[in-house]
Amino acid sequence: MKQKAYAAAGVDIDLGNKVKATLPQLLAATHRREVLGKVGGFGGLFALDLKKYREPILVSSVDGVGTKLKLAFALDKHDTIGADLVNHCVNDIAVLGAEPLFFLDYLGTGKLEPHVFTDIIKGFARACAQNGCALIGGETAQMPGFYQKGEYDVSGTIVGVVEKSRMLNGQKTVKAGDVVIGISSSGLHTNGYSLARKIFFDQLKLKPSSRIPGSKLTLGEELLQVHVSYGPLVQKLVKKFNLAGKPNRVKAFAHITGGGFVDNIPRVLPKTCDVVIRKGSWEMLPVFKLIEAKGGVPEAELYQVFNMGIGMVAIVAADKADAVLKFIRAQKHPAWVIGEVVKGRGVAKVK
């Protein structure tokens, strides 16, 4: 049978339809009762249960994975990238206390490779299920000549909800004397990869198969560690420590993404307070020790580019710091007191 003209031009619609036919099975684990219809329509449908809220506030965020994708291409490992993206988006809305409701993805590539597509979607579905978030739709674009061979890009959009009276707003509640708790990351998460790749592969001449001191994993495996989701932990902390009618004891969270400590923590501070982060107050992961020792990057810049082993910070009332720290560790998240809030002008300092 003669090949269709569009397929000959590089866009195989029939292959795309065949691959997408597996989606209902892949997405079954992400189903929530509020989801209406099936994946594949022009728009995803979600019926928000208004009976659960007095004043529901919808919270949304959109993001990508950045040049971490280069590692997935190099190792031909694509089943973690989707989870990275979902978890990153979940964390971005978790800092407001929001519960994730649904997620939409975008995948753009030159040529659709069925096994790659399936692995990426598996990652989306796995992370959505773990976060209690429905995957209700997406877009796959085949654009021959636009991407290099074997490469693709992904992005995602998340929508969540929080009760207005329960929404976290550190700019109103954080004060001098509060304690900063750092919660461990799994590695670089999804930020700093352009610099990290330059250090590891260009400067140090390492390979993805290289071993790094202090780690049981290869460098490639370290760099593909899945971005931790703090969403379920945040929900538990807010439920336990922020009691209705009483002042919040867990006051704010900052997701340590691009911009590190220096740019992210000020986003939740009042203009009258600074945060002082104490270097050496947490167990730094081997991958960051190597970057710090061999990267040739000024120390101040490291804490503005990388998370340096802390993926989320919580700002809590001093009288509850020990209890919050104990609770976080009981949820299997390594955590440490890494700083404090002082009078200032709304900046974060690493000392």
Nearest 0.5 Å, please: how far is [atom2] in [Y] from [atom1] in [X]?
X      : Y      : atom1 : atom2 : value
Met308 : Glu292 : CE    : CD    : 4.5 Å
Asp153 : Thr109 : CG    : OG1   : 10.0 Å
Gln225 : Asp84  : CD    : CG    : 10.0 Å
Glu299 : Leu302 : CD    : CG    : 7.0 Å
Phe124 : Asp119 : CZ    : CG    : 12.0 Å
Ile310 : Ser281 : CD1   : OG    : 7.0 Å

Quick one: do [X] and [Y] end up in the same hydrophobic cluster if we chain Ile, Leu, Val, Met, Phe, Trp and Tyr together by side-chain heavy atoms under 4.5 Å apart?
X      : Y      : result
Ile212 : Leu188 : yes
Ile136 : Leu85  : no
Val262 : Val180 : no
Leu223 : Leu204 : yes
Ile199 : Leu217 : no

Do the charged groups of [X] and [Y] touch, with an N to O distance under 4.0 Å?
X      : Y      : result
Asp178 : Lys251 : yes
Arg126 : Asp79  : no
Lys349 : Asp274 : yes
Asp49  : Arg33  : yes

Would you confirm whether [X], through its side chain, and [Y], through its main-chain N or O, come within 3.5 Å as a donor-acceptor pair?
X      : Y      : answer
Thr30  : Leu135 : yes
Thr67  : Ser194 : yes
Asn131 : Cys133 : no
Gln235 : Ala98  : yes
Asn91  : Val228 : yes

Only counting residues at least two apart or in another chain, list the ones meeting salt bridge (charged side-chain N to carboxylate O under 4.0 Å, His left out) with Glu139. none
I'd like to know whether Val59 forms a side chain to side chain contact (heavy atoms under 4.5 Å, CB included) with Val159, so could you lay out the CA-CA distance, the side-chain angles of the two residues, the decisive distance to 0.1 Å, and finally the verdict. CA-CA 6 Å; Val59 185; Val159 174; over 6 Å; no
Under a 4.5 Å cut-off applied to non-hydrogen side-chain atoms, are [X] and [Y] in contact?
X      : Y      : result
Leu237 : Ile328 : yes
Thr272 : Lys175 : no
Lys198 : Gln203 : yes
Val95  : Arg267 : no
Arg166 : Val238 : yes
Leu290 : Leu206 : yes
Val179 : Ile315 : no
Phe103 : Thr157 : no

I'd like to check the ring pair (Phe, Tyr, Trp, His ring centres under 6.0 Å) partners of [X]; sequence neighbours left out, ordered by chain and number.
X      : result
Phe253 : none
His255 : His88, His227
Tyr152 : Phe73, His78
Phe46  : Phe102

Do Lys236 and Gln331 have side-chain N/O donor and acceptor atoms under 3.5 Å apart? yes
Quiz question: by atom type and distance under 3.5 Å, do the side chains of Asn307 and Asn191 form a donor-acceptor pair? no
Parallel, tilted or perpendicular: ring planes of Trp282 versus Tyr303, cut at 30 and 60 degrees: perpendicular
Geometric class of the Tyr230/His189 ring pair [parallel <30°, tilted 30-60°, perpendicular >60°]: tilted
Which heavy atom of [X] sits nearest a heavy atom of [Y], and at what distance?
X      : Y      : answer
Phe288 : Ser185 : CE1-OG, 4.2 Å
Gly231 : Val90  : CA-CG1, 3.8 Å
Ser186 : Val226 : OG-O, 2.6 Å

Please lay out, stage by stage, how Glu163 and Lys52 fare under the test salt bridge (charged side-chain N to carboxylate O under 4.0 Å, His left out). CA-CA 9 Å; Glu163 184 68 62; Lys52 292 174 58 178; over 6 Å; no
Checking Phe201 against Leu219 for the side chain to side chain contact (heavy atoms under 4.5 Å, CB included) test, could you report, in this order, the C-alpha distance in whole Å, the side-chain angles of both residues, the deciding distance, and whether it holds? CA-CA 10 Å; Phe201 304 128; Leu219 177 58; 3.7 Å; yes
Is the [atom1] atom of [X] crowded by more than 12 outside heavy atoms at less than 6.0 Å?
X      : atom1 : value
Asp322 : CG    : no
Arg32  : CZ    : yes
Lys279 : NZ    : yes
Arg329 : CZ    : yes

Could you note down all residue pairs passing side chain to side chain donor-acceptor pair (under 3.5 Å) where residues 212-222 supplies at least one of them, sequence neighbours left out? Ser215-Glu222, Thr218-Glu221
Yes or no on side chain to side chain contact (heavy atoms under 4.5 Å, CB included) for Val324 and Ile181, after CA distance, side-chain angles and deciding distance? CA-CA 9 Å; Val324 171; Ile181 293 174; 3.7 Å; yes
Using the rule given for side chain to side chain contact (heavy atoms under 4.5 Å, CB included), can you reason through Val316 versus Lys320, listing the C-alpha separation, both sets of side-chain angles and the distance that settles it, and then say yes or no? CA-CA 7 Å; Val316 305; Lys320 289 295 182 181; 5.5 Å; no
